Amino acid sequence: ETLRQHLLSASDFETLWGAWEEEVRATVRRLSEQVSEAQEEHARYQPQPIRTLFVDDCLDAGIEFNAGGARYNWSVVNVAGLANVADSLVALKELVFDGGGVSASAYWEALAANYEGHAVLRQRIARCPRYGNDDARADGMARRVAELVFSELRRYAPWRGGRFVPACLMFVTYVGAGMPVMATPDGRLAGQPIADSIGPVAGRDQGGPTALMRSVASIPQHLAPGTLVTNLRFAPAMFTRENRPRLIELIRTYFCLGGLQLQITVVDQETLERAVADPEAYGDLIVRIGGYSEYWRNLDDALRRSVLERTEHVL
C-alpha cells in the first residue's frame with residue numbers, strides 16, 4: 001500500500017521510508033486493537049476451564065486463563081516477509097533513488113505487470129545487494145526494518161496482560177501468506193511464497209553458511225524473544241567425522257553472535273529434485289519447515305518446492 005500511494009511522489013528514499021514507517025506504526029496499532037478485542041471476546045464467550053486448571057496461578061488468582069489468570073501472558077506476533085521487505089527497499093534505494101537510472105514510474109509499471117515484459121529490470125534487481133550474504137547495505141536495511149517493527153510491537157500491551165512478543169515462526173504459513181501479495185520490488189512474482197523465516201529469501205544466500213549466519217545475527221534478535229527461526233539446508237557431506245568440529249564451531253558461533261534458533265535440514269539437491277518429481281517414492285524423507293520437522297509426503301507441492309529452492313550449504 002505504501003508503494004501504491006507514495007512511490008511515484010517520493011523525492012528521495014528517506015521520504016519513501018517515512019511513509020512506510022507511518023504505515024507500519026498504524027498497522028501495528030490496528031493489530032494490537034484487534035488482538036485485544038479478540039482476547040476480550042474469548043474471555044467473555046470462550047472460557048477454557050481445563051486449560052485454566054493446568055496453567056500456573058490461574059486458580060490462585062481466581063481468574064480464568066483467557067481472562068488473564070496466568071502468571072505470564074505473552075502474546076506472540078509473527079513478523080512475516082522481513083527479508084522480502086529488506087531486499088525490496090535496498091533495490092528501490094539502489095535503482096531508483098541512488099542513481100541506478102530506473103524511474104519510479106517504470107518500477108511501478110513492472111510491479112503492476114508482475115514483471116511481464118520487464119525481464120531486464122528483474123535481472124538488475126537480482127544483482128542488487130541481498131540480505132543473507134554478509135553485505136552491509138542489505139543487512140543494514142534488514143536491521144533497520146527489524147528494529148522498527150519489533151520495537152513498535154513491544155510498545156503495546158494486549159487486553160489479557162503481558163506484552164506482545166515479536167517472532168518469526170512461520171511453520172507452513174509462508175506459502176499461503178504470499179498468495180494474495182502482488183509482485184514485490186525484490187523481484188518476487190505475485191503469489192509466490194514470502195521468506196520462510198528471519199533468514200534470507202530461499203536461494204538468495206550465495207555467500208556460504210558463515211555469511212548467512214552473520215547477516216541474520218546482525219538483526220536485533222533480543223527484541224524478538226518469541227523466537228526468530230533461521231532455516232538452513234546442509235549437504236550430508238558436512239556431517240562427516242572430519243567436518244564435525246568445524247560444523248560445531250559454526251553453530252556455536254551463531255549463538256554467540258546472538259542467534260536464537262537454527263532449523264537444519266540435511267539433504268542434498270539431487271535427492272530433493274527426485275523427491276519433488278516423485279514424492280510418493282520419498283514419503284519417509286523428513287525436512288525442517290519452519291519450527292518443526294515434517295514428512296515429505298505430508299507437504300503440498302508448493303512447500304516441497306520452497307524447500308528445494310533453499311541454498312544447499314557446504315563447508
Side-chain angles (χ1 to χ4, degrees), residues 1-8 10 16-17 19-31 34 77-93 95-96 102 104-119 121-126 128 130-132 138 141-142 144-146 148-150 152-153 166-205 228-229 231 289-291 299-310:
E1 190 61 31
T2 300
L3 292 177
R4 192 186 310 275
Q5 295 185 10
H6 299 284
L7 177 59
L8 299 183
L16 181 65
W17 172 273
W20 181 73
E21 182 176 341
E22 286 187 17
E23 182 65 26
V24 167
R25 295 187 190 280
T27 299
V28 171
R29 184 175 62 253
R30 287 194 302 270
L31 172 68
Q34 292 166 0
V77 178
N78 262 321
V79 176
L82 187 144
N84 297 101
V85 173
D87 287 351
S88 292
L89 290 172
V90 168
L92 288 169
K93 188 175 187 299
L95 298 179
V96 176
V102 179
S105 58
Y107 216 127
W108 178 253
E109 181 182 332
L111 293 174
N114 197 27
Y115 290 106
E116 187 173 346
H118 299 271
L121 174 58
R122 196 162 179 237
Q123 291 170 358
R124 291 194 63 189
I125 293 170
C128 288
R130 300 292 208 181
Y131 168 63
M141 187 68 72
R144 190 178 181 185
V145 169
L148 169 63
V149 177
F150 296 162
E152 196 65 18
L153 281 167
C168 189
L169 193 64
M170 297 297 292
F171 296 104
V172 298
T173 59
Y174 60 92
V175 170
M179 288 180 179
V181 180
M182 68 174 290
T184 45
D186 60 336
R188 174 193 152 278
L189 298 178
Q192 286 188 341
I194 58 175
D196 61 17
S197 65
I198 197 63
V201 174
R204 292 184 186 171
D205 47 318
L228 300 179
V229 169
N231 287 310
I289 298 299
L299 303 176
D300 61 30
D301 186 63
L303 283 166
R304 291 170 184 152
R305 292 188 178 278
S306 74
V307 176
L308 175 66
E309 290 170 0
R310 294 176 185 170

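The structure presented is a predicted model; accordingly, all values stated were derived computationally and were not measured. What's counted below: heavy atoms across the whole structure, side chains too, no hydrogens, waters or symmetry copies.
Applying the side chain to side chain donor-acceptor pair (under 3.5 Å) rule to Gln5 yields the partners Glu1; only residues at least two apart in sequence or on another chain are considered. Every side chain to side chain donor-acceptor pair (under 3.5 Å) that Arg305 has, sequence neighbours left out, goes to Asp301. Glu23 meets the salt bridge (Lys or Arg N to Asp or Glu O under 4.0 Å) test with Arg30; sequence neighbours excluded. Applying the side chain to side chain donor-acceptor pair (under 3.5 Å) criterion to Thr2, with sequence neighbours excluded, gives no partner residue. Remark: Val24 pairs with Trp20, Val28, Leu148, Val149 by the side-chain contact (heavy atoms from CB on, under 4.5 Å) rule, at least two apart or across chains. For Glu21, the salt bridge (Lys or Arg N to Asp or Glu O under 4.0 Å) test picks out Arg25, with sequence neighbours left out. Contacts of Arg124 classified as side-chain contact (heavy atoms from CB on, under 4.5 Å), with partners at least two apart in sequence or in another chain: Leu95, Val102, Arg127.
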Could you list the donor-acceptor pairs under 3.5 angstrom formed by side chains in residues 107-114, with sequence neighbours left out?
{"residue": "Tyr107", "atom": "OH", "partner": "Pro185", "partner atom": "O", "Å": "2.6"}
{"residue": "Asn114", "atom": "OD1", "partner": "Ala190", "partner atom": "N", "Å": "2.8"}

All N/O donor-acceptor pairs, side-chain side in residues 195-204, below 3.5 Å, sequence neighbours left out:
{"residue": "Asp196", "atom": "OD1", "partner": "Asn231", "partner atom": "ND2", "Å": "3.3"}
{"residue": "Asp196", "atom": "OD2", "partner": "Arg310", "partner atom": "NE", "Å": "3.0"}
{"residue": "Asp196", "atom": "OD2", "partner": "Arg310", "partner atom": "NH2", "Å": "2.9"}
{"residue": "Ser197", "atom": "OG", "partner": "Gly199", "partner atom": "N", "Å": "3.0"}
{"residue": "Ser197", "atom": "OG", "partner": "Val229", "partner atom": "O", "Å": "3.4"}
{"residue": "Arg204", "atom": "NH1", "partner": "Asp87", "partner atom": "OD2", "Å": "2.8"}
{"residue": "Arg204", "atom": "NH1", "partner": "Asp186", "partner atom": "OD2", "Å": "3.0"}
{"residue": "Arg204", "atom": "NH2", "partner": "Asp186", "partner atom": "O", "Å": "3.2"}
{"residue": "Arg204", "atom": "NH2", "partner": "Asp186", "partner atom": "OD2", "Å": "3.2"}

Could you pull out every donor-acceptor pair under 3.5 Å between side chains of residues 173-181 and any protein atom, sequence neighbours left out?
{"residue": "Thr173", "atom": "OG1", "partner": "Met170", "partner atom": "O", "Å": "2.6"}
{"residue": "Tyr174", "atom": "OH", "partner": "Ser306", "partner atom": "OG", "Å": "2.6"}

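The structure places CD of Gln192 at 9.5 Å from CG of Asn84, a figure rounded to the nearest 0.5 Å. One finds the CG atom of Leu299 at 4.5 Å from the CD1 atom of Ile289 (value rounded to the nearest 0.5 Å). If you take NZ on Lys93 and CG on Leu16, they are separated by 11.5 Å, rounding to the nearest 0.5 Å.
Under the 4.5 Å side-chain criterion, counting only non-hydrogen atoms from C-beta, Leu7 is in contact with Leu92. Between Glu22 and His6 there is no side-chain heavy-atom pair separated by less than 4.5 Å. Side-chain contact between Val77 and Phe150: absent, with no pair of heavy atoms (C-beta onward) separated by less than 4.5 Å.
Listed here is the closest heavy atom pair of Arg188 and Tyr115: O-CE1, 3.8 Å. Scanning all heavy atoms of the two residues, the minimum distance from Leu228 to Cys168 falls at CD2-N, 3.6 Å. Across every non-hydrogen atom of Thr184 and Ser88, the tightest pair is CB-OG, 4.0 Å. Annotation for Leu189 and Arg122: closest pair CG-NH2, 3.5 Å, computed over non-hydrogen atoms.
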